[in-house]
Asker: 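Dumping the structure here so I can ask a few things about it.
Every number for a ligand or one of its atoms is a count from 1 in the order of the listing.
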Amino acid sequence: MFEHVPGYAGDPIFHLNEMFHKDPRQQKVNLTIGLYYDDDGQIPVLNTVQRAEQQLAASTRPRAYLPIEGDHAYRQRVQAMVFGENHPVVKQGRVATIQSVGGTGALKVGGEFLHDAYPDSQLWMSDPAWENHHDIFRGCGIPTHSYPYYDPTTRALDFNRMVASIRSLPPKSIVLLHACCHNPTGVDPTPEQWQTLITVMKEGDLIPFFDMAYQGFGSGMDEDAFAVRAAADAGLSFLVANSFSKNLSLYSERCGGLSVVCATAEEADRVLGQLMAVVRRTYSTPPSHGGVVTARVLSDPDLYRDWQGEVAEMRNRILQMRERVHSLLAQRVPDYDASHFVNQVGMFSYTGFSTQVIQRLRNDHGVYVLDSGRISVPGLNSRNVEYFCDAVAASLR
Ligand code: LMR
């Protein structure tokens, strides 16, 4: 029956992560998947998450189905976090938000919704993109293309070409954007550049879709939401997928949100209905445990304040590692320009290492970097950062 079914080529990120774990060498460094590790190399269980779980464990909760759109408090807190507590679009009821199965689930539901609403629309994403973006949207039946984004010669944003490309798109094209901490490059537009992009998208009658998986890992919770809030201020209708995998360290709980900003509250109500229709035919209703924990941390003022501190701690450790790599490489390979390690932001750095360097790092030193040259910076810590820089120095020679 299934003789014709091809094998799965495998996911490039998960596959390399598995290869790392199978590598028997003692001295090895995992810079593959976007997981935040603390300075001891552990995936933290945040203190605020532990406290929320302890509070919840004190009472027994029957496990009835959640509503199709998810938990009410969760959805409200998602809106406050993404748009800001008192943003007019939230106050006017113009945002349709569902609790989603991680950020990926939000992209999928958003993609299906858009394909139903605009069956002829095609989607453009940055070049390079997160490995999974093309597959998610093609899986929704939406043809995908790329716009220029990253200039490998400057290791920075190719803004003029990006804007020119987006400006040339047909009306109602979908433009996928990383709201902050671009994956894989770590290169973000400046606030001024975002304003230009927002104007171009408004004039071109385009449909922005923001993927915000790393809120808090760039400059701060509010700072990282700049693009989304500026688009809302400008009166655009658009989508935002957000995730709690990273900033609450709740990867396997699959907690995310999808928000669609609409022109009126009445429109938002209809859009919410269509999002619910997609959810109902896909997985019916969201799972509850991670959502209840998330809603508790985001709703309780003490937990929320302490959580902001924990996010800042994770963000600062990433910054420290970036600075460490920059200064260590400056000492070890003086003719190598390592400034991109400090200029890029968020979880990822796009190293620009050649295929040969990437192979040497992996084969000779047990340092696992994605084939694209992306590294997940929190895989570095005070015990392995010198080893990493020694390995880079040796591999660059
Ligand atoms: C990554 O890019 O490594 C993360 O977003 C994890 C994933 O699902 O790929």
Asker: Given the side-chain rings of Tyr74 and Phe244, with only the six-membered ring counted for Trp, is the space between their centroids under 6.0 Å?
Answerer: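 Yes, close enough.
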
Asker: Under the criterion side chain to side chain contact (heavy atoms under 4.5 Å, CB included), I'd like the reasoning laid out for Tyr350 against Ser372: C-alpha separation, chi angles, the key distance, then a yes or no.
Answerer: CA-CA 8 Å; Tyr350 215 47; Ser372 63; 3.8 Å; yes

Asker: Quick one: look at Arg374 and ligand 1, take heavy-atom pairs under 4.0 Å, and tell me if it's side chain, backbone, both or neither.
Answerer: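 It is the side chain that gets close, since no backbone atom is under 4.0 Å.
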
Asker: Can we call the ring centroids of His182 and Phe348 under 6.0 Å apart?
Answerer: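 No, the ring centres sit 6.0 Å or more apart.
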
Asker: May I ask you to check whether Gly34 has an N/O atom sitting below 3.5 Å from an N/O atom of ligand 1?
Answerer: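 In this structure, Gly34 places an N or O atom under 3.5 Å from an N or O of ligand 1.
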
Asker: Are Val377 and Tyr387 connected, step by step, through hydrophobic side chains (Ile, Leu, Val, Met, Phe, Trp, Tyr) whose heavy atoms are closer than 4.5 Å?
Answerer: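 Yes, Val377 and Tyr387 fall within the same hydrophobic cluster.
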
Asker: Could you tell me which residues satisfy side-chain hydrogen bond (donor to acceptor under 3.5 Å, both in side chains) with Glu267, sequence neighbours excluded, listed by chain and number?
Answerer: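 Per chain and number, Glu267 pairs via side-chain hydrogen bond (donor to acceptor under 3.5 Å, both in side chains) with no residue.
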
Asker: Can you tell which part of Ile13 has a heavy atom less than 4.0 Å from ligand 1: side chain, backbone, both or neither?
Answerer: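 Under 4.0 Å from ligand 1, Ile13 contributes side-chain atoms alone.
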
Asker: With heavy atoms only and a cut-off of under 4.0 Å, state how Leu35 meets ligand 1: side chain, backbone, both or neither.
Answerer: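 It is neither; nothing of Leu35 touches ligand 1.
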
Asker: If you measure from atom 7 (C) of ligand 1 to every heavy atom of Tyr214, Phe348, Trp130, Tyr251, which option wins on shortest distance?
Answerer: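 Checking each option, the heavy atom nearest atom 7 (C) of ligand 1 is found in Trp130.
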
Asker: Return the closest protein heavy atom for atom 6 (C) of ligand 1 as residue, atom name and distance.
Answerer: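 For atom 6 (C) of ligand 1, the nearest protein heavy atom is Ile33 CG1, 3.9 Å.
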
Asker: Quick one: does ligand 1 sit under 4.0 Å from the side chain of Lys246, the backbone, both or neither, non-hydrogen atoms only?
Answerer: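 Looking at Lys246 and ligand 1, just side chain atoms fall under 4.0 Å.
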
Asker: What pairs meet the salt bridge (Lys or Arg N to Asp or Glu O under 4.0 Å) rule with one or both residues in residues 164-191, with sequence neighbours excluded?
Answerer: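 Only Lys172-Asp205 qualify under salt bridge (Lys or Arg N to Asp or Glu O under 4.0 Å).
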
